[in-house]
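Numbering of ligands and ligand atoms starts at 1, following listing order. Remember, it's a predicted structure, so these values are computed and weren't measured experimentally.
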Amino acid sequence: MTGAAGGIGGACARECAAQGARVVAVDINAEGLAETVRMISAAGGEARAVPTDVSDESSVAALAAEVMRVEGAVHALLNNAAIFYGKTVEETTVEEWNRQMAVNVGGIFLTSKYFLPHLRASRGAIVNMSSANAYFVEPSCAGYCATKAAIIGLTKAMAIDYGKDGVRVNCICPGYIDTGLAQAYFDVQADPAKARAEAGKLHALWRIGQPEEIARVAAFLASDEASFVTGTAIAADGGFSTGLPPK
Ligand SMILES: NC(=O)c1ccc[n+]([C@@H]2O[C@H](COP(=O)([O-])OP(=O)(O)OC[C@H]3O[C@@H](n4cnc5c(N)ncnc54)[C@H](O)[C@@H]3O)[C@@H](O)[C@H]2O)c1
């Protein structure tokens with residue numbers, strides 16, 4: 001579980017642990033990871049933290065080696081780590097573009113590359129976190145939208161390549177979810193408080209989502225309950241993508 005230090009990833013880690021999974025919580029933020037592990041342990045679940053930079057090949061290779069050394073097998077890989085720059089193409093530096101691609105898309109490439117041999121052995125599943133922004137874009141987040149669209153393509157490609165081995169690969173496209181990343185988007189709008197208030201109205205359900213509502217979808221896709229679901233991008237967006245927002 002990458003990006004497990006908080007937000008949606010923290011909720012996914014807690015939900016999977018609550019459903020009986022032994023969770024390896026992965027993030028670049030060691031402090032946040034410790035808090036996720038503490039919460040899971042306090043609830044009677046099993047988890048441990050492995051601080052990792054998903055954009056760094058040696059870090060991901062060390063993660064895979066550590067997981068296999070300690071756990072001996074892996075049944076699901078949840079790729080959730082991402083960064084967000086609230087910028088147009090002209091405002092984005094080359095370094096920011098490369099970093100965002102390296103974390104959001106490159107991270108999924110690297111973890112998949114290193115865990116697929118083990119997922120083939122377990123006939124396991126990969127769940128990638130895309131976004132409604134993959135196909136329903138908004139102003140001032142061009143690079144982010146590009147990464148989230150790329151994740152859908154990568155998901156489908158891996159589903160085709162590894163389906164014959166029994167490995168399922170899906171992604172989730174959340175609408176606005178109440179986390180620090182959503183707040184980062186509001187913060188770069190002209191009036192952050194108004195942007196936050198208006199965001200709920202972009203969804204058919206007239207509210208933004210909670211991390212736990214995405215976590216339940218992720219746990220389903222990672223589980224055998226989703227045994228005939230692969231290569232798909234599931235909208236968990238409160239109706240954000242249905243068309244014109246209600247006014
Ligand atoms: N919050 C939303 O409204 C929303 C909507 C759609 C999709 N998403 C997606 O959900 C996922 C989680 O977002 P969130 O809202 O919980 O944000 P978040 O910022 O709380 O979570 C992202 C996590 O990724 C970690 N991370 C960043 N770079 C990393 C790296 N190099 N290696 C390892 N970990 C790294 C961060 O430390 C953080 O814990 C992201 O993929 C995001 O694009 C979020």
Restricting to side-chain hydrogen bond (donor to acceptor under 3.5 Å, both in side chains), what partner residues turn up for Glu66, sequence neighbours left out? Arg48, Arg69

Can you name the side-chain hydrogen bond (donor to acceptor under 3.5 Å, both in side chains) partners of Ser55, sequence neighbours left out? Asp53, Arg99

Output the set of protein residues with a heavy-atom contact under 4.0 Å to ligand 1, ordered first by chain identifier and then by residue number. Gly3, Ala5, Gly7, Ile8, Asp27, Ile28, Asn29, Thr52, Asp53, Val54, Asn80, Ala81, Ala82, Ile83, Arg99, Val103, Met129, Ser130, Ser131, Tyr144, Lys148, Pro174, Gly175, Tyr176, Ile177, Thr179, Leu181, Ala182

Can you check whether Tyr85 and Tyr144 have ring centres sitting under 6.0 Å from each other? no

Scan Glu213, Arg207, Arg196, Gln183 and name whichever one has a side-chain contact (heavy atoms from CB on, under 4.5 Å) with Asp178.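 Between Asp178 and the candidates, side-chain contact (heavy atoms from CB on, under 4.5 Å) is satisfied uniquely by Arg196.
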
Could you verify whether a donor N or O on one side chain and an acceptor N or O on the other, from Gln19 and Glu15, lie under 3.5 Å apart?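 Yes, Glu15 and Gln19 have a side-chain donor paired with an acceptor closer than 3.5 Å.
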
Hey, what else clusters with Phe109 if you join Ile, Leu, Val, Met, Phe, Trp, Tyr whenever side-chain heavy atoms sit under 4.5 Å?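 For the cluster that includes Phe109, the remaining residues are Val60, Leu110, Tyr114.
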
